[in-house]
Amino acid sequence: MKNEIVGRFTYQLASDTWTWSDTMFRLYGLRPGEVAPTTSLITRHLSPEDRDHILGLFTASLHEDGQPLARLHRIAASDRDRTVVTLVERASAPGASPELRGYTADITVPLHEAASQRARQDIEAAVESHSIIDQAVGALMLVHGLDDHTAINLLRWFSQNSNTKLRTLAERIVHSTRHGIPLPRETTHALDAAISDAALGDGTLSEVLRTPPELRARPLHVELLRSADEVVLSVRGSVDLTATPDFVGALSELALAGGSGRTLAVDLREVTHVSSAGLAELRRFKERAEQQDRTVRVVPATALPTETFQDLLS
């Protein structure tokens, strides 16, 4: 049987009679000529939420002069449900007995295929996005020795704090790593050992994997010290990427602890390293405070070049 999807119909208001093409019967799950099409038959096969709209479509068309109207709706046919579009227009001339003509097109399959295609595209995009994020998480795990849970939480923190989409942030990290980040020789040797041990499959890790003490980042220690004139945030250790959220939290506490007229001081003398993210957060903190007419004093790290903090000392 020919797979037709467009049915034709006419309706005579005076006699309340419908004329259907064979395809119209099939759209309703009926054999051609099996029953006489009626308004009651049509409404029985419409969902409750569509029924009033379709009857209103026919009524509105009777009062239009040749202007076609259309609506998307469903038919609960005897064989299966269908999603269709019905287009109807007044066919009779003004003054003549009102007559409608129209078409109902079955778009169930095209609509399903379009939805499936969109779903496939969404899934592929999600998989690709997940892959990029996993790569960025892996880079953080390698460089900072984090577990996967901590690494993804760190990514999310930077995403939210910088108002950057997580995928965009991950793409930037992966792009940087693909173009090569110089690593200390000890790190390269440790990675070589890890890959070799994994390939051997003996479940052991070479001693070279143990990070030398001089390469271990010192944990971040912060302390608030108060005096009559100022509140000081004393920072010791490494303000690296992983410590940046804690550093930002400490700066927030400093802002809350400093009362009116008291200087806010950030003492970095015992800091061994400050990442660019940490410096950016410190600049942001200083700018916000100064916009509120508060004084911020930054004491630079003695172990780092003075020019690192040049724009923070003015």
Side-chain angles (χ1 to χ4, degrees), residues 118-184 187 190-191 194 211 215-222 224 233 235-258 264 266 268 271-292 294 296 298 301 304 308-309 311-312:
R118 284 196 300 271
R120 285 194 298 271
Q121 291 171 344
D122 290 344
I123 291 171
E124 289 170 0
V127 169
E128 181 185 358
S129 176
H130 194 271
S131 174
I132 290 292
I133 294 171
D134 282 347
Q135 291 177 53
V137 167
L140 292 175
M141 291 172 66
L142 172 64
V143 173
H144 293 286
L146 306 175
D147 58 44
D148 55 349
H149 180 74
T150 304
I152 187 62
N153 284 340
L154 183 64
L155 269 182
R156 286 175 179 149
W157 185 90
F158 275 103
S159 171
Q160 294 167 1
N161 199 56
S162 63
N163 197 27
T164 304
K165 289 183 178 179
L166 186 62
R167 176 185 169 85
T168 301
L169 182 60
E171 285 175 341
R172 292 172 182 170
I173 294 173
V174 172
H175 175 78
S176 297
T177 56
R178 283 176 178 170
H179 285 74
I181 297 177
L183 297 174
T187 303
L191 183 58
T211 307
L215 296 181
R216 294 176 191 157
R218 292 177 59 188
L220 185 68
H221 296 283
V222 294
L224 280 179
L233 175 65
V235 185
R236 292 183 290 116
S238 175
V239 187
D240 61 13
L241 192 69
T242 62
T244 300
D246 292 335
F247 182 54
V248 172
L251 291 174
S252 298
E253 290 182 16
L254 173 62
L256 293 173
L264 305 179
V266 183
L268 304 175
V271 166
T272 58
H273 168 74
V274 183
S275 68
S276 56
L279 288 172
E281 294 296 341
L282 183 54
R283 291 189 191 98
R284 188 182 303 178
F285 166 78
K286 188 171 185 289
E287 290 170 0
R288 283 199 301 260
E290 290 175 346
Q291 288 171 0
Q292 300 170 0
R294 306 181 75 179
V296 176
V298 176
L304 300 176
T308 305
F309 307 93
D311 60 339
L312 291 166

Open item on the list: Evaluate Val274 against Phe309 for side chain to side chain contact (heavy atoms under 4.5 Å, CB included), listing each step before the verdict.
Closed with: CA-CA 10 Å; Val274 183; Phe309 307 93; 4.2 Å; yes

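- Interatomic distance, CG of Leu166 versus CD1 of Ile133, reported as 4.0 Å (0.5 Å rounding).
- Looking at Phe285 and Leu264, their side chains come closer than 4.5 Å, going by heavy atoms from C-beta outward.
- Using a 4.5 Å heavy-atom threshold, the side chains of Thr242 and Thr150 count as separate.
- Atoms NE2 and CE, from His149 and Met141 in turn, are 12.5 Å apart once rounded to the nearest 0.5 Å.
- Between Phe158 and Ala277, the shortest heavy-atom distance links the atoms CE2-CB, 3.8 Å.
- The residues Arg284 and Glu287 are annotated as not salt-bridged, no charged nitrogen and carboxylate oxygen being separated by less than 4.0 angstrom.
- When all heavy atoms of Ala151 and Leu140 are compared, the closest pair comes out as O-CD1, 3.8 Å.
- To the nearest 0.5 angstrom, Leu154 atom CG is 5.0 Å from Leu241 atom CG.
- For Asp246, there are no side-chain hydrogen bond (donor to acceptor under 3.5 Å, both in side chains) partners, not counting sequence neighbours.
- Taken from OG1 in Thr272 to CG in Asp240, the straight-line distance is 8.5 Å, to the nearest 0.5 Å.
- Annotation: side-chain contact (heavy atoms from CB on, under 4.5 Å) contacts of Leu224 (sequence neighbours excluded): Arg226, Val231, Leu233, Glu253, Leu254, Ala257.
- A distance of 9.5 Å separates OG1 of Thr244 from CG of Leu279, quoted to the nearest 0.5 Å.
- For Ser252, the side-chain hydrogen bond (donor to acceptor under 3.5 Å, both in side chains) test picks out no residue, with sequence neighbours left out.
- Looking only at distances, no side-chain donor or acceptor of Thr164 sits under 3.5 Å from a matching main-chain atom of Gln160.
- Here Ala136 pairs with Leu155, Ala170, Ile173, Val174 under the side-chain contact (heavy atoms from CB on, under 4.5 Å) rule; sequence neighbours left out.
- The side chain to side chain contact (heavy atoms under 4.5 Å, CB included) test with Leu282 is passed by exactly one of Val296, Leu268, Val239, Val235: Leu268.
- With sequence neighbours excluded, the residues satisfying side-chain hydrogen bond (donor to acceptor under 3.5 Å, both in side chains) with Arg283 are Asp311.
- For the atom pair Leu251 CG and Lys286 NZ, the distance stands at 13.0 Å (nearest 0.5 Å).
- Partners of Thr168 according to the side-chain hydrogen bond (donor to acceptor under 3.5 Å, both in side chains) rule, which considers only residues two or more places apart in sequence or in another chain, do not exist here.
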